[in-house]
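This report concerns only the one structure given below.
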Amino acid sequence: MYIYNSHTKQKEKFVPIKDNDVKVYVCGPTVYDDAHLGHARSSISFDLLRRVLKANGYNVTFVKNFTDIDDKIINKINTTGKTLQEITQHYIDSYLHDMGALGVQRADIEPKATESLDAMFELINILKTKGYTYELNGDIYFDTSKDENYCSLSHKCQDDAESRVSIEGKKHPADFALWKGCKGDGDVCFDSPFGKGRPGWHIECSAMIKKHIAYEGEFEIDIHGGGADLFFPHHENEEAQSSCAYGGHLAKYWMHNGFVNINGEKMSKSLGNSFFIKDALKVYDGEILRFYLMGTHYRAGLNFNEEDLLASKKRLDKLYRLKKRIYGLNKTNKDKDFEDRLLQAMNDDLNISKALAVIDEFIASANDELDKNPKDKSLKQKINSNINFIHNLLGIGGKDAYEYFQMGIDDDTKEKIEALIAKRDKAKKEKNFEIADQIRDGLKELGIAISDTPNGTIWEKI
RNA sequence: GGCAUCAUAGCCAAGUGGCUAAGGCAGGAGCCUGCAAAGCUCUGAUCCCCGGUUCGAAUCCGGGUGGUGCCUCCA
C-alpha cells in the first residue's frame, strides 16, 4: 500500500510502526453546528482509508475526536441559554446520524476534549517544566521559537514581517495558547493546575493521542489525518507540542483531504454557500452523496455541482442494475483476480478513479456474460461475491437492489404503480399497444421508468 | 503581500519519461425490443501558453497566464 505523505510531499510505501497494527487519528468536528459537505468529504475519505487498511489485513485502531469546547460553542451557550452538554451532545448525535447515512463507520474511540482534560494537564505540565511556555494575561502560550523544528512539518510558516496575524502581545505570531485563563462571566471554565480556564484548540489532539493510542519511540502513531486547512497551523502545532514534550514525532504519515468548493469557491458560512448534510439528505440518498463525494480523489478539490452528482448517480445505478440481475442469490464464488485488481487500485494512495474503472469494466463484462449465459450459476455467484467485496471496500452497493431504485416512494404509490403495470401487461398480451404505451407514458410523467424483461416488467424511479 | 497547490475531450476524472492518453456522464451509430427502457458493441482529446533538457515528455526544468487553498475559526 502506498500513501501520499503531506509531510514529505510524496507517495511512500506504507509500513506500520509495529507488526500488523495501525493506529490512525483523524481530527473530528467542533460540535457547534450541523455537519456540512466538507465534513462529509473528510469523513468519507478517511473511512475509505480505514476500509482499505482492513482489507489489507491490518489491525486498525481508528480514533476520531469531538472538539466540545471552543469559542463558537461558548457563543452558542450565551445566545441560546442552553448548557454546553446540551449543545454539544445534540451536534454530536446529529453528526453521527449524518455520517451514518453516508455509510461512514463509527470510530473505535471517540474522545471528547472535555473528557480529556487530565491528559492535557499532563502535557502542558511537561512543556512548562521543559521551558517551552510563557504566560500572558493569564493564558499559557507555547513559545514556537524554543522549538528548533517548528515548521518542519508543513513548511508553511513565514517571517513575522510577512504575517497577517496581529501579535497581541505574543512573542511571535505563530505562538499559540495551550491554556486560556477564565475570562469571567459568559466564559466556560474548568479547574486546572494552572487555575480556572479552558484548553486551547491544538492541545487536545496531542493529549488524546498520547492518552489513547501512542507508542513510545520515534513516532507516536502511524497515520494522522484531517482537512487540508488543518495542516497549518493546527497540525504543525500538534507536532510541536508532542515532539517537545515526548520526543520523537507525532505521526509517521500525515494525510490531508482536499476541500469541497461550491461554484468555484470555498464553502463557508461567511460566504453564505455552506451546504448541510442533513439538507442534502432530504434530496439525495446518503449512498448517492457518498458515491459522488468519494468519486474525486481525496487530495483534489471537489467543486460541488448538482449535474455532476446526477451523472455520478447514473454510474452507481449500473452497479445496482447488475445486482438486480442476480437478485436473491446468497451463494458466492470468490473472484480473486477482481479483488486483487480493485484492492491494488485503492492501495495506490486510494486511487478511486482507477478503482471505479475496474468496477465499471467488471459490470460491463458481467452484463455481457449474463446475456450470453443467463443460467450460469457459478457466474452469478462470482458477481454476487464481487458486489459484496465492493460493498466492504468502498461502502457502496450494499442496499437491496429494488429498494435502491424505489427510494422515497410510499407503499400506496407502489401499489398504484404495480396496478398500472398489470393493466399494461394485459394490454400488451392483447396486442393493444396503444393503451400499453399510454400507460407507460403516463408513468413516465410521474417519474417512473419501466422496462420489459424476460422476467416481467420492472420499474425504477427516474 | 508571503507560501502552497492545480490546469488532460462538451462535462466529471485517471495517467507523473517510452506500446494506439483509463473509466464515467452527455452525444452519434448498431444489436436487442411490438415500440421503448435497460444491457452489449463501435465512435471523440496530443494533454493552458512559450522556451529548455532528452533518442523520446501530458509526465522533468525555467518563464508566463488562469483557478483554488492556507497565512484568522474552519473538514
Side-chain angles (χ1 to χ4, degrees), chain A residues 6 9 11 26-30 32-33 35-46 67 70-72 75 151 154-159 161-166 168 173-174 201 225-234 236 256-261 264-270 274 292 295-303 305 307-318 321-322 324-325 345 348 351-361 363-372 428 431-434 436-437 440-441 444 449-454 457-460 462:
Chain A
S6 347
K9 295 185 186 175
K11 245 186 234 179
V26 176
C27 287
T30 302
Y32 69 100
D33 207 346
H36 54 62
L37 286 179
H39 293 107
R41 169 112 127 121
S42 183
S43 272
I44 291 167
S45 299
F46 292 103
T67 299
D70 158 274
D71 286 351
K72 291 185 289 296
N75 280 342
C151 213
S154 69
H155 308 288
K156 283 191 175 186
C157 308
Q158 52 198 298
D159 295 339
E162 293 160 350
S163 175
R164 274 170 38 196
V165 189
S166 63
E168 294 167 356
W201 173 39
D229 56 330
L230 299 180
F231 200 15
F232 184 86
H234 187 53
E236 188 71 50
H256 294 95
N257 66 274
F259 267 66
V260 177
N261 291 341
E265 61 185 2
K266 179 178 169 174
M267 186 178 70
S268 79
K269 288 205 184 125
S270 52
S274 61
Y292 170 59
T296 299
H297 185 87
Y298 76 93
R299 275 190 282 121
L302 185 156
N303 193 20
N305 174 301
E307 282 174 36
D308 295 343
L309 189 152
L310 293 174
S312 167
K313 176 192 178 294
K314 288 183 182 175
R315 198 174 189 178
L316 182 60
D317 288 350
K318 291 167 67 160
R321 288 208 185 93
L322 175 61
K324 265 189 189 174
R325 296 186 71 174
D348 179 15
N351 192 329
I352 191 75
S353 295
K354 221 189 270 181
L356 294 182
V358 170
I359 291 172
D360 283 326
E361 281 158 13
I363 292 172
S365 69
N367 275 317
D368 189 33
E369 288 178 64
L370 276 177
D371 287 344
K372 289 172 184 157
K428 268 177 61 184
K431 306 265 181 203
N432 198 339
F433 295 121
E434 202 172 318
D437 290 352
R440 183 169 62 197
D441 292 344
K444 196 173 181 184
I450 62 175
S451 351
D452 299 322
T453 78
T457 302
I458 59 173
W459 63 274
E460 293 179 1
I462 298 170

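Proteins come first, then strands; the chains are lettered A, B, ... in the order of their sequence lines, and each starts at number 1. Just so we're clear, the structure is a prediction, and the values are computed from it rather than from any experiment.
In this structure, B/C19 makes no Watson-Crick or G-U wobble pair, since no nucleotide meets both defining distances under 3.5 angstrom. The pairing partner recorded for B/C3 is B/G69, the criterion being a Watson-Crick or G-U wobble arrangement whose two distances lie under 3.5 angstrom. Pair check for B/C47 finds none; no Watson-Crick or G-U wobble contact set falls under 3.5 Å. When Watson-Crick and G-U wobble pairs are counted only if both distances are under 3.5 Å, B/U54 pairs with no nucleotide at all. Nucleotide B/A29 forms a Watson-Crick or G-U wobble pair with B/U41, both donor-acceptor distances falling under 3.5 Å.
The residue A/Asp368 sits close only to the backbone: its heavy atoms come under 4.0 Å of sugar-phosphate atoms, none of a base. At a threshold of 4.0 angstrom between heavy atoms, the contacts of A/Ala357 include nucleobase atoms, whether or not backbone atoms are also involved. Contact annotation for A/Arg41: no contact, since no heavy-atom pair falls under 4.0 Å across all strands. Across all strands shown, A/Ala364 has heavy atoms under 4.0 Å from sugar-phosphate atoms exclusively, and none from any base. Within 4.0 Å of A/Asp71, counting heavy atoms only, lies no atom of the nucleic acid at all. Nucleic acid contact class of A/Lys428 (heavy atoms, under 4.0 Å, all strands): base. Contact annotation for A/Ser312: no contact, since no heavy-atom pair falls under 4.0 Å across all strands. Using a 4.0 Å heavy-atom distance criterion, A/Glu460 is classed as making no nucleic acid contact. Nucleic acid contact class of A/Ser42 (heavy atoms, under 4.0 Å, all strands): sugar-phosphate only. Nucleic acid contact for A/His256: none, since no nucleic acid atom lies under 4.0 Å from a heavy atom of the residue. Residue A/Asp452 is in base contact, counting any heavy-atom pair closer than 4.0 Å across all strands shown. Across all strands shown, A/Arg440 has heavy atoms under 4.0 Å from base atoms, whether or not it also approaches the sugar-phosphate. Note on A/Ser154: nothing from the nucleic acid sits closer than 4.0 angstrom, heavy atoms only. Residue contacts shown for A/Gly227 are limited to sugar-phosphate atoms, with no base heavy atom under 4.0 Å away.
Dashed line: the shortest gap from a side-chain N or O of A/Thr296 to OP1 or OP2 of B/A13 is under 4.0 Å. Under 4.0 angstrom from either OP1 or OP2 of B/C40 there lies at least one side-chain N or O belonging to A/Asn367. Taking side-chain N and O atoms only, A/Lys313 has no distance below 4.0 Å to OP1 or OP2 of B/G24. For the OP1/OP2 pair of B/G39 and a distance below 4.0 Å, the side-chain nitrogens and oxygens of A/Arg321 include at least one atom meeting the criterion. For B/A22, the OP1/OP2 oxygens have no side-chain nitrogen or oxygen of A/Asn351 closer than 4.0 Å.
Taking atom C1' in both B/G64 and B/C11, one finds a spacing of 28 Å when rounded to whole Å. Distance noted for atom C1' between B/A9 and B/U43: 13 Å (whole Å). Annotation: B/C42 and B/G69 have their P atoms spaced 41 Å apart (nearest Å). For the C1' atoms, the distance linking B/C47 with B/A37 amounts to 37 Å, nearest Å. Distance noted for atom P between B/U8 and B/A4: 22 Å (whole Å). Taking the C1' atom of each, B/C60 and B/G18 are spaced 14 Å apart, rounded to whole Å. Here the separation of B/C50 from B/A57, taken at their C1' atoms, is 16 Å to the nearest Å. Across the P atoms, B/A7 and B/A13 are found 10 Å apart, a figure rounded to whole Å.
If A/Cys27 and A/Ile450 are placed on RNA chain B by their nearest nucleotide, the residue sitting closer to the 5' end is A/Ile450. Across the interface with RNA chain B, nearest-nucleotide mapping of A/Gly28 and A/Val358 shows A/Val358 to be the residue nearer the 5′ end.
One donor-acceptor pair, N or O on each side, does fall under 3.5 Å between the base of B/G34 and the side chain of A/Asp437.
Of all the heavy atoms in A/His256 and A/Phe231, the pair that sits closest is CE1-CD1, 3.0 Å. Closest approach of A/Arg41 to A/Tyr298, counting heavy atoms only: NH1-CA, 3.7 Å. Counting all heavy atoms, side chain and backbone alike, A/Cys27 lies closest to A/Leu230 at CB-CD1, 3.6 Å. A pairwise comparison of heavy atoms in A/Ser42 and A/Asn257 identifies OG-OD1, 3.0 Å as the closest pair. A/Asp308 approaches A/Asn303 most closely through the heavy-atom pair OD2-O, 4.4 Å. Contact between A/Asp348 and A/Lys354 at its shortest, heavy atoms only, is OD2-NZ, 3.1 Å.
We find the CG-OG distance between A/Leu37 and A/Ser43 to be 11.5 Å, quoted to the nearest 0.5 Å. Distance check, rounded to the nearest 0.5 Å: CG of A/Leu316 to NZ of A/Lys314 gives 13.5 Å.
Once the 5.5 Å centre distance and the 30° plane angle are applied, the aromatic ring of A/Phe259 is found not to be stacked with the base of B/G69.
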Heteroatom pairs (N/O) under 3.5 angstrom, protein to nucleotides 9-11 of chain B:
{"from": "B/C11", "atom 1": "O2'", "to": "A/Asp308", "atom 2": "OD1", "distance (Å)": "3.3"}

Can you tabulate the close N/O pairs, meaning under 3.5 Å, that link protein atoms to atoms of nucleotides 26-29 of chain B?
{"from": "B/A26", "atom 1": "OP1", "to": "A/Lys314", "atom 2": "NZ", "distance (Å)": "3.1"}

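The closest donor-acceptor contact from the side chain of A/Asp368 to the backbone of A/Ala364 lies at 3.5 Å or more, if one exists at all. Between the side chain of A/Glu460 and the backbone N or O of A/Ala449, no donor-acceptor pair lies under 3.5 Å. With hydrogens and angles disregarded, a donor-acceptor distance shorter than 3.5 Å links the side chain of A/Tyr292 to the backbone of A/Asn305.
For A/Ser353, counting side-chain heavy atoms from C-beta on, the closest listed nucleotide (B/A14, B/A75, B/C25) is B/A14.
With a 6.0 Å radius and a threshold of 12 heavy atoms from other residues, nucleotides or ligands, A/Lys72 has its NZ atom above the threshold.
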Practice task
For salt bridge (charged side-chain N to carboxylate O under 4.0 Å, His left out), just list the numbers for A/Asp371 and A/Arg325, CA-CA rounded to whole Å, side-chain angles, deciding distance to a tenth of an Å, and then say yes or no.
Solution key: CA-CA 10 Å; A/Asp371 287 344; A/Arg325 296 186 71 174; 2.9 Å; yes

